[in-house]
**Q** 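Submitted below is the structure of interest, expressed as structure tokens.
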Amino acid sequence: MTNDSIQPADEQMVDDAFQHLMSAYLASPHRKKIDLITKAFNFARQAHKGVKRLSGEPYIMHPLAVAQIACEEMGLGSTSICSALLHDVVEDTDYTTEDIENLFGAKVAQIVDGLTKISGGIFGEHASAQAENFKKLLITMNDDIRVILIKICDRLHNMRTLDAQPHNKQYKIAGETLYIYAPLANRLGLNKIKTELENLSFKFEHPDTFNYITKKLEETQHSIGNLFESFTQPIKEALDSMGVRYTIKARVKSPYSIWRKMQLKHVSFEEIYDILAVRIIYAVDDDSDEIDECFRIYVAISKLYKAHPDRLRDWLNHPKANGYQALHVTLMSNQGRWIEVQIRSERMDDLAEKGFAAHWKYKEGKGEANNEGELNNWIGTIKEILDDPQPDAMDFLDAIKLNLFASEIFVFTPKGELKTMPSGSTALDFAFSIHSFLGTHCIGAKVNHKLVPLSYKLQSGDQVEILTSASQRVHREWIDVVTTTKARNKIQIALRRENRELQKKGEEQLSAWLTEKGFTASVAVYDRICTAFAISREELFAGIAKGGIALDDKLTEAVTGKEKRKKWRKLVPFLKAERKKGDGGEAKFIVGKDFDKKQAISINDVNFHTFNYAACCKPIAGDDILGFISDSNEIVIHKRDCPVATRLKSTFGDRIVDARWNMFRGMLFDATIRLKGFDRKGILKDVSRVLSDQMDIDIRNINITTSDGIFEGTILVRVYDRGEVTEIANSLRQVSDIKEVTML
């Protein structure tokens with residue numbers, strides 16, 4: 001931000017933006033507090049007077065844009081609009097929360113105060129502070145969910161204007177958005193905003209790939225349009241004859257979703273066959289007829305096209321946790337393509353696009369209590385996570401990702417009661433979700449009347465019966481079995497309780513033994529023993545209770561001081577931290593005080609060995625990369641889409657730096673390619689011919705296995721850059737009987 005005088009052109013820009021906001025507000029169902037919104041705008045305009053954003057526009061344009069998103073794209077009312085206009089006033093000016101309360105009331109002040117506490121992004125410089133700030137973000141949900149809704153609006157506008165930021169900041173903010181904000185928007189039912197946040201993050205992290213997919217979508221727009229028209233024409237005729245009032249829309253898969261599928265399935269753009277989906281949005285006069293009408297439409301279109309037997313998704317009677325309701329069916333088109341059809345009412349569509357914000361609009365409608373209950377359950381889960389005794393920031397963020405943002409499954413109790421669980425939940429998770437007693441005494445489960453172990457991963461539709469034993473106790477290994485925060489917390493509480501009992505027993509045994517030997521049991525004696533054995537007091541007592549530490553002469557020597565202190569360094573193998581050097585003997589690049597994080601690191605043939613390269617993703621020249629400043633101030637290079645890098649961007653954003661390749665094909669990298677296809681005589685010879693004879697590629701290793709006429713294997717090759725790997729993969733795809741080629 002900079003201070004500068006506002007030019008007349010800027011004044012006109014601000015006035016136009018405010019008029020645009022008021023037009024959107026007047027067109028909404030909320031038409032009550034024009035004076036209050038105008039007052040908030042004038043107050044914010046004066047407070048931010050003379051301040052500009054990095055883009056050069058007046059700073060007031062940012063609060064105006066956030067308010068516009070809250071009003072137009074979320075459907076929020078005057079309280080939220082005022083709060084959005086004022087959300088940076090307390091943080092950036094001399095005004096206080098009390099000033100806001102005196103002028104605009106307690107509710108607006110409460111929301112602005114919540115937004116001020118989580119200002120500057122979720123994440124700061126240190127991991128513990130990041131986790132603490134994110135906890136603040138979630139706590140505000142319990143006070144007023146509008147705080148987090150406006151925070152998402154704020155992040156969306158920041159992403160829309162991210163071009164003004166240096167690249168290292170772009171990676172930090174994009175990574176943060178993809179890791180936290182997009183899933184959060186999805187969990188709140190803000191599908192449209194979630195999709196835009198994902199696409200914007202993708203655009204800034206992988207600009208070349210984003211542009212490639214966008215161009216491909218433009219090139220296929222005509223064929224997709226033809227497919228949509230030919231597929232929907234019979235559907236329109238059928239619905240018209242039934243007297244249904246409807247709208248049919250084409251939903252084209254987003255660039256980010258296409259890229260994710262390409263990554264997960266290891267396929268090319270041309271191999272993505274579900275780019276097109278069809279959405280039927282129907283109108284009903286009475287909400288009570290919604291579900292009947294939905295199934296009536298489903299029956300009609302199922303007579304036109306064959307439905308996929310395993311891909312019917314019914315979220316009508318049991319909405320998703322974010323309130324989403326619809327019926328999804330996948331039909332085979334006359335062109336031989338599977339096309340998903342989403343059937344939902346106008347109310348359901350509004351809820352799907354604007355989530356819980358739009359839900360308030362339908363408070364009197366049917367299904368309100370159910371959706372409200374799901375939201376309350378979710379906030380309850382947040383409270384459980386906030387009560388997690390684990391202080392580690394990474395564990396906290398993982399718990400958030402796993403429990404709040406995971407897709408859900410539906411399982412049943414023996415009595416047929418429906419329970420919603422995060423995807424990936426085990427039988428033991430289910431036991432703890434019912435009751436702590438069931439969890440702590442669980443010995444197994446019956447799923448669909450068949451015995452399964454505690455670690456069995458549940459699937460939607462499973463009916464689960466928990467088996468218990470009075471003699472069963474919690475085991476430390478259970479921490480690795482469960483996935484939900486509730487179960488993990490209950491296990492840790494039980495373990496701590498048992499450990500305390502064990503330590504008390506061990507202390508009593510040690511005290512009695514010391515008295516018997518003529519010693520006085522005291523803290524000083526306990527500490528002398530702990531020093532001799534190089535363990536903590538808790539470990540000493542627990543070890544005695546378990547029998548791992550014997551009450552014998554060795555203990556007597558420790559009490560009298562005759563036993564020399566054990567050198568733990570001899571007992572625990574470790575490597576001394578030595579100054580590592582590059583392969584060519586060069587010292588590693590060290591980040592000093594004058595290092596400019598805004599400048600991109602250029603990796604070339606000369607300085608290549610002065611950086612570290614992450615083993616988790618093995619980046620090679622041509623990959624989209626970034627640098628991470630390690631604890632030793634060295635720079636570690638990661639691929640930008642590496643899962644580890646994603647976590648680093650989200651938790652250590654201030655240690656991310658931009659990195660670019662500047663290699664001149666003077667260095668070779670190892671790259672692995674996976675092949676799969678039909679086995680036949682000479683297939684390996686054909687592969688070798690393509691690589692060695694046609695492309696002159698150095699083959700380092702080949703590993704091929706065959707089974708039932710299918711071969712599968714990997715080839716390790718030496719290449720100059722990622723572009724050469726792509727060329728190799730394309731050439732191998734031309735070999736007869738090779739069906740899948742994946743670049744690892």
Side-chain angles (χ1 to χ4, degrees), residues 1-7 10-22 25 30 32-71 74 76-124 129 132-134 136-137 139-158 161 164:
M1 294 185 296
T2 60
N3 282 290
D4 209 312
S5 58
I6 299 181
Q7 302 299 317
D10 289 340
E11 293 278 5
Q12 187 60 49
M13 180 199 307
V14 173
D15 289 337
D16 290 346
F18 179 64
Q19 288 306 315
H20 180 48
L21 170 63
M22 291 308 297
Y25 176 66
H30 317 279
K32 299 173 183 176
K33 300 180 180 177
I34 296 172
D35 292 342
L36 185 66
I37 294 174
T38 305
K39 180 181 175 183
F41 163 67
N42 289 327
F43 182 81
R45 186 179 198 171
Q46 183 62 35
H48 295 299
K49 188 176 182 179
V51 182
K52 291 195 173 185
R53 302 189 83 206
L54 286 176
S55 60
E57 66 182 16
Y59 190 82
I60 187 63
M61 291 297 292
H62 169 64
L64 274 168
V66 175
Q68 187 75 37
I69 294 169
C71 175
M74 276 198 188
L76 299 178
S78 59
T79 300
S80 299
I81 294 170
C82 288
S83 301
L85 288 168
L86 300 166
H87 79 273
D88 278 334
V89 167
V90 174
E91 174 69 17
D92 296 339
T93 73
D94 294 331
Y95 290 104
T96 65
T97 306
E98 289 73 22
D99 295 329
I100 302 296
E101 183 172 358
N102 291 335
L103 289 166
F104 301 99
K107 181 53 69 176
V108 171
Q110 181 187 8
I111 295 173
V112 171
D113 184 49
L115 289 162
T116 303
K117 286 176 181 174
I118 52 174
S119 62
I122 291 177
F123 304 105
E132 206 53 47
N133 286 336
F134 192 55
K136 289 178 186 175
L137 177 70
I139 288 169
T140 59
M141 239 184 190
N142 196 35
D143 296 331
D144 195 318
I145 200 170
R146 285 174 289 190
V147 173
I148 210 159
L149 292 174
I150 297 168
K151 188 63 184 175
I152 290 172
C153 296
D154 179 44
R155 175 49 58 110
L156 178 58
H157 184 248
N158 284 335
T161 56

**Q** At what distance, to the nearest 0.5 angstrom, does CZ of R155 lie from CD1 of I152?
**A**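 Taking CZ in R155 and CD1 in I152, the distance rounds to 10.5 Å.
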**Q** Measure the shortest side-chain to side-chain distance between L64 and L85 over non-hydrogen atoms and say whether it is less than 4.5 angstrom.
**A**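 With C-beta onward as the side chain, the pair touches.
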**Q** Which atom names give the shortest non-hydrogen contact between A47 and T93, and what distance separates them?
**A**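 Of all heavy-atom pairs spanning A47 and T93, the closest is O-CG2, 3.4 Å.
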**Q** Evaluate the ring planes of H62 and H87, with Trp represented by its six-membered ring, and classify them as parallel (under 30°), tilted (30 to 60°) or perpendicular (over 60°).
**A**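 The rings of H62 and H87 stand perpendicular, inter-plane angle above 60°.
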**Q** Can any side-chain N or O of Y25 pair as donor or acceptor with the backbone N or O of K33 at less than 3.5 Å?
**A**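 Checking the backbone N and O of K33 against the side chain of Y25, a donor-acceptor pair under 3.5 Å is found.
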**Q** How many angstroms lie between CG in L103 and CG in L86, if you round to the nearest 0.5 Å?
**A**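 With rounding to 0.5 Å, CG (L103) is 9.0 Å from CG (L86).
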**Q** Could you check whether any side-chain heavy atom of I150 comes within less than 4.5 Å of a side-chain heavy atom of S80, counting everything from C-beta outward?
**A**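 When only atoms from C-beta onward are counted, S80 and I150 do touch, with a gap below 4.5 Å.
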**Q** If the condition is side chain to side chain contact (heavy atoms under 4.5 Å, CB included), which residues does A109 pass it with, not counting sequence neighbours?
**A**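 So A109 forms a side chain to side chain contact (heavy atoms under 4.5 Å, CB included) with T97, I100, E101.
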**Q** F41 versus L21: any side-chain heavy-atom pair under 4.5 Å?
**A**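 They are not in contact (no side-chain heavy atoms under 4.5 Å apart), so the answer is no.
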**Q** Evaluate V90 against V112 for side chain to side chain contact (heavy atoms under 4.5 Å, CB included), listing each step before the verdict.
**A** CA-CA 8 Å; V90 174; V112 171; 4.0 Å; yes
**Q** Within a strict 4.5 Å, meaning less than it, do heavy atoms of the C153 and M74 side chains meet?
**A**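 A side-chain contact exists here, since the closest heavy-atom pair is under 4.5 Å.
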**Q** Once rounded to the nearest 0.5 Å, what's the spacing between atom NZ of K151 and atom CG of L156?
**A**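 If I round to the nearest 0.5 Å, the distance is 12.5 Å.
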**Q** Look up atom CE in M61 and atom NE2 in H157, then write down how far apart they are to the nearest 0.5 Å.
**A**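 Answer rounded to 0.5 Å: 7.5 Å.
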**Q** Checking T96 against D99: is there a side-chain donor and acceptor pair closer than 3.5 Å?
**A**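 On atom types as modelled, these side chains qualify, holding a pair under 3.5 Å.
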**Q** Give a yes-or-no answer on whether the side chains of N42 and Q46 include a donor-acceptor pair shorter than 3.5 Å.
**A**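 Result is no, nothing qualifies.
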**Q** I need the H48 NE2 to D88 CG distance, nearest 0.5 Å.
**A**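 Here the rounded value is 5.5 Å.
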**Q** List in chain and number order the residues that pass ring-ring contact (aromatic ring centres under 6.0 Å, His included) with F43, two or more places apart in sequence or in another chain; answer none if no residue qualifies.
**A**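 By the ring-ring contact (aromatic ring centres under 6.0 Å, His included) rule, F43 matches Y95, F104.
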**Q** Counting only heavy atoms not in K39, do more than 12 fall under 6.0 Å of its NZ?
**A**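 Yes, the 6.0 Å shell around NZ holds more than 12 heavy atoms from other groups.
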**Q** Judged by modelled atom types alone, do T161 and R53 share a side-chain donor-acceptor pair under 3.5 Å?
**A**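 Side-chain D/A pair, T161 to R53: present.
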**Q** Please tell me if the side chains of E57 and D10 come closer than 4.5 Å, counting only heavy atoms from C-beta onward.
**A**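 They are not in contact (no side-chain heavy atoms under 4.5 Å apart), so the answer is no.
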**Q** In Å, rounded to the nearest 0.5 Å, how long is the span from OG1 of T38 to CZ of F18?
**A**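 It is 4.0 Å, given to the nearest 0.5 Å.
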